[in-house]
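What follows is one structure encoded as structure tokens, with my remarks underneath.
For clarity, every value in this text was computed on a predicted model and none was experimentally measured. The figures here come from the full heavy-atom set of this structure, side chains too, leaving out hydrogens, waters and symmetry mates. When a ligand or atom number is given, it counts from 1 through the structure's own listing order.
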Amino acid sequence: MIIVMAMGATEQEAANVRDQLHQYNLTPHDNYGTQRVVIAVLGDVAPVRDLLMGKLSVMPGVESVTPITRPFKLTSRESHPEDTVIEVLGTKVGNGSLTIMAGPCSIEGRDMMIETAQAVAKAGATILRGGAFKPRTSPYAFQGLGIEGLTYLAEASKVTGLPTITEVMEPSQVEVVAKHSDILQVGTRNMQNYSLLTAVGKAGRPVMLKRGYGATIEEWLMAAEYIVSSGNPHVILCERGIRTFETYTRNTLDLTAVPLLHHLTHLPVVVDPSHATGKRWLVKPMALAAVAAGADGIMVEVHPDPDQARSDGEQSLTFDQFADMAGALYKIHEEVRTLSKDPFAMAGPIKVDGASKH
Ligand code: PEP
Ligand code: MN
């Protein structure tokens, strides 16, 4: 349920609404828009919905009371109609600009990290990526440089001025990763690691939540809800492919997620064509398609010598390939923006049914 306070409603009137909710053991969550206060109601509303709607809708200062039909509340567009814009070191994500996150799959050393950072910065990247704690399928594969890698990432950020993103795999690592990196990444394998989601929700850094490779869009948004309800509204969603019966690609890139998410949620949406395809030559066409579909940005893997990479070389771009792709992405982005002011606005209400019922 969301309560929209009237323009000019007093702070006391909003406080009375919050008190009313507390009486029913519900938790108010304020969203301050540019014009008015919107109070989202968290908790088990169902048993008291009708009673509460009747009481709240006649309270002074209340403009409207609307039930939120989605199971995800704070991440839902219903509760927060404006897009969420996330700002890191002066770079904005979700404000209509194109975000390009680029860098190596794994940070392999200081020199390669700085060299890659300089190359991607020159070619138009806006955020630097690099994995220090690596979730590898095999326990015998390179697991990343850990904290040493984080220091190289931070140094590369200083050299280039680019904000950084890196993966955090467990709650005990959150503090150290947040100390060295501007954005925390939760990987596909951890999308439903609820203790990690709660921990990154309290870390005071923006979080990019990758879609679980077997997760529905609704499960993904419920995972984002854990982060936001833990106190962190700065969440970026990243579609990185899901597992299907197809074997030519590493995963199947679900690009319908982009317009669907823009409809369902106010959070920015980024697409990772590297992990989605697993093949270098498929990265550029899928990145272009993602931007054409309205993605707020993309994340791609870039390596000075992909064939020698310690992880994901097959899908990593060379510096030249990245520069070529980034130029094309900016062109497509400019086109998409001029095609329509709001490519997602459609005449009339859109009905979107969730698939999962559990
Ligand atoms: C990554 O981005 O480094 C990564 C491991 O991605 P994913 O979690 O999507 O597999
Ligand atoms: Mn990788």
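One N or O on the side chain of E13 and one on the backbone of T10 form a donor-acceptor pair closer than 3.5 Å. Panel note: side chain T318, backbone Q321; a donor-acceptor pair is recorded below 3.5 Å. E225 places a side-chain N or O within 3.5 Å of a backbone atom of L74 that can act as its donor or acceptor partner.
The shortest side-chain heavy-atom distance between L162 and S157 does not fall under the 4.5 Å cut-off.
When hydrogens are left out, the protein atom nearest atom 6 (O) of ligand 1 is K210 NZ, 2.9 Å; that is the closest non-hydrogen contact. At the shortest separation from atom 8 (O) of ligand 1 among protein heavy atoms lies T188 N, 2.8 Å. At the shortest separation from atom 4 (C) of ligand 1 among protein heavy atoms lies H275 NE2, 3.5 Å.
Residue-to-ligand polar distances keep E167 apart from ligand 1: every N/O pair is separated by 3.5 Å or more. When only interatomic distances are considered, the shortest N/O to N/O separation between R250 and ligand 1 does not fall below 3.5 Å.
In this structure, Q185 has a heavy atom closer than 4.0 Å to ligand 1.
Of all non-hydrogen atoms in A223 and M191, the two that sit nearest each other are CB-O, 3.3 Å. Across all their heavy atoms, N232 and R205 have their closest contact at ND2-O, 2.8 Å. Contact between G294 and V258 at its shortest, heavy atoms only, is C-CG1, 3.6 Å.
Remark: ligand 1 atoms within the under-4.0 Å shell around heavy atoms of R240 are 7 (P), 9 (O), 10 (O). Of all the atoms in ligand 1, the ones that sit under 4.0 Å from a non-hydrogen atom of K134 are 3 (O). Listed by atom number, the atoms of ligand 1 under 4.0 Å from G187 heavy atoms are 8 (O).
If you look at D312 and ask which of its N, O or S atoms sits nearest the Mn ion (ligand 2), the answer is OD2. Nearest N/O/S atom of E301 relative to the Mn ion (ligand 2): this is OE2.
D312 and R250 are joined by a salt bridge, as a carboxylate oxygen and a charged side-chain nitrogen come within less than 4.0 angstrom of each other.
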